[in-house]
Number of protein chains: 2
Amino acid sequence: MRRPGRPSGDRRDQRERLLDAALFHYANHGVTAASLRGIAETAGVTPAMVSYYFGGKAALLNAVVEERLLPVVAELRRHLDTLGDDAGALAKGFVSGMHATVERHPWLPSLWVREVLSEDGTLRELLVTHIAEQIPRRLAKSFARAQRHGHLNPELDPRLLMVSLIGLTLFPLAAAPLWHRIFDSEDLDSAALERHTLALLARGLETDHVP
Amino acid sequence: MRRPGRPSGDRRDQRERLLDAALFHYANHGVTAASLRGIAETAGVTPAMVSYYFGGKAALLNAVVEERLLPVVAELRRHLDTLGDDAGALAKGFVSGMHATVERHPWLPSLWVREVLSEDGTLRELLVTHIAEQIPRRLAKSFARAQRHGHLNPELDPRLLMVSLIGLTLFPLAAAPLWHRIFDSEDLDSAALERHTLALLARGLETDHVP
DNA sequence: TGAAATTAATTAAACAGTGATTTAAATCTT
DNA sequence: AAGATTTAAATCACTGTTTAATTAATTTCA
């Protein structure tokens with residue numbers, strides 16, 4: 001085996017590799033099920049490095065949140081700031097923005113959906129604080145304004161609409177790897193999903209069709 | 001502490017209590033994270049009883065599936081058999097049937113959503129086989145038929161519609177316990193959610209509004 | 001009918017495996 | 001020589017499972 005000791009060469013990326021490996025395991029197995037041994041192996045180091053760099057398992061999660069998750073939240077918030085009040089534009093902007101973000105951060109949907117449902121509050125605490133509290137609150141406000149302006153059926157509770165919208169957008173994306181097991185086919189591409197979601201949403205948002 | 005030995009009185013319900021406790025923990029912590037000690041404590045027995053009655057952790061999961069999950073699947077299938085081809089009726093029937101089922105089995109949404117996303121395949125294998133393969137497949141068929149009959153926009157992929165419908169229906173229900181943390185209010189009752197989901201769905205399903 | 005034997009149900013404790021964390025040593029850089 | 005980085009091994013806590021002991025219920029049979 002390799003002997004202990006400081007290796008030669010530049011090793012400043014060990015920390016970054018640990019963060020990436022942790023995020024990978026969080027998204028694939030859930031925060032609770034992710035083991036330091038697995039994370040360390042993915043990063044190519046020993047589990048003791050986690051204590052050395054971060055101080056422990058909980059501190060590693062904190063670091064992932066600070067340095068990997070919060071930038072994505074900021075990215076989403078910047079996108080939402082460009083949306084107007086029109087209901088159709090809101091739906092379209094939200095879905096396409098979500099898709100663009102997921103394109104660059106493929107672990108986002110499964111991480112989000114999994115942790116929102118998890119009983120282990122650590123990561124959800126953050127998600128609720130930074131994502132659910134800021135982004136949906138802002139969107140819900142826009143929806144309420146759209147209702148006042150008559151663009152949106154006033155009977156719909158904007159908060160419920162918000163929760164459903166998140167589920168409608170993220171759940172199919174997160175479940176995508178299972179499609180072939182559910183439907184015996186893998187040819188359900190993300191473009192089709194986006195078209196479909198947009199169509200379903202845009203219709204649901206229009207106010208002049210009361211069933 | 002309590003001494004070992006056969007207790008007095010009728011104890012035929014120990015097994016049932018273990019099944020209920022297991023389902024509770026599966027739904028709340030996930031199948032992998034659920035520990036026998038926790039389950040046994042909830043049931044008011046020692047973990048050794050699990051081995052005694054079922055043979056082990058895996059066998060306990062099997063028993064929960066056989067005696068708690070499959071009856072619910074059968075219940076849902078019976079409900080689906082009463083649905084026709086009309087898109088509006090399908091949406092209404094699916095959602096209201098889902099709500100009625102969830103009313104009696106409150107653990108269903110979080111269990112379903114959590115396990116569909118889980119990397120631990122044991123329970124998902126069953127869910128895909130018995131729920132995802134039978135119910136959505138049947139519904140997707142109905143949707144395709146409705147498309148041929150002109151009741152449903154033929155541009156929408158019925159499989160995608162199916163996945164989104166599950167997300168739209170179950171995700172908000174599963175996220176319900178978090179609402180008050182997201183929106184600072186607990187007054188989002190299940191009736192409002194059903195109204196909202198139905199309205200959004202029924203509009204999305206209508207075929208004459210192409211955006 | 002009633003005592004003895006047997007079977008069923010239950011527990012505490014022991015065991016083996018795995019996880020996170022700490023420690024001490026080893027190696028490299030400055 | 002001093003400080004930083006990394007490892008193997010030790011440690012402690014927890015998990016699923018097994019074991020031996022213990023008590024209640026049931027059966028046997030004189």
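Computation of the quantities below employed the complete heavy-atom set of this structure, encompassing side-chain atoms and omitting hydrogens, waters and symmetry-equivalent molecules. Below, read A as the first sequence line, B as the second, and so on, with proteins coming before strands; counting in each chain starts at 1.
In summary, of the residues considered (B:Ile39, B:Leu18, B:Val65, B:Leu69), a side-chain contact (heavy atoms from CB on, under 4.5 Å) with B:Leu23 occurs for B:Leu69 alone.
When all heavy atoms of B:Pro158 and B:Ala144 are compared, the closest pair comes out as CB-N, 4.2 Å. When all heavy atoms of A:Lys57 and A:Tyr26 are compared, the pair lying nearest together is O-OH, 4.5 Å.
Put simply, CD on B:Gln14 is 12 Å from C1' on C:dT11, counting in whole angstrom units. Separating the CE atom of A:Met49 from the P atom of D:dA4 is a distance of 14 Å, rounded to the nearest angstrom. As a whole-Å value, the separation of B:Leu36 CG from D:dC14 C1' is 12 Å. When the C1' atom of C:dT10 is taken as reference, atom CZ of B:Phe54 falls 15 Å away, rounded to whole Å. The interatomic distance linking B:Asp120 (CG) with D:dT15 (C1') rounds to 15 Å, in whole Å. Atom NZ of A:Lys57 and atom P of D:dA13 are 17 Å apart (whole Å). In this structure, A:Leu60 places its CG atom 16 Å from P of C:dG19, rounding to the nearest Å. Atom CZ in B:Arg37 sits roughly 12 Å away from atom C1' in D:dT18 (whole-Å rounding).
Applying a 4.0 Å cut-off to non-hydrogen atoms, none of the residues of residues 23-35 of chain B approaches DNA chain C.
Considering only side-chain N and O atoms, A:Tyr53 lies nowhere under 4.0 angstrom from the phosphate OP1 or OP2 of D:dT5. Close to D:dT7, at under 4.0 Å from its OP1 or OP2, lies a side-chain N or O of A:Thr46. Put simply, B:Tyr52 has no side-chain N or O that comes within less than 4.0 Å of OP1 or OP2 on D:dT17.
Salt bridge present: B:Arg68 and B:Asp20 bring a charged side-chain N and a carboxylate O closer than 4.0 Å. A salt bridge is absent between B:Arg114 and A:Glu115: the closest approach of a Lys/Arg side-chain nitrogen to an acidic carboxylate oxygen does not fall below 4.0 angstrom.
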CA sep, side-chain torsions, deciding dist, call: B:His105, B:Glu75, side-chain hydrogen bond (donor to acceptor under 3.5 Å, both in side chains)
CA-CA 11 Å; B:His105 311 288; B:Glu75 187 178 317; 3.3 Å; yes
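Proximity of B:Trp107 to B:Val72: side-chain heavy atoms (C-beta onward) are separated by under 4.5 Å at one or more points.
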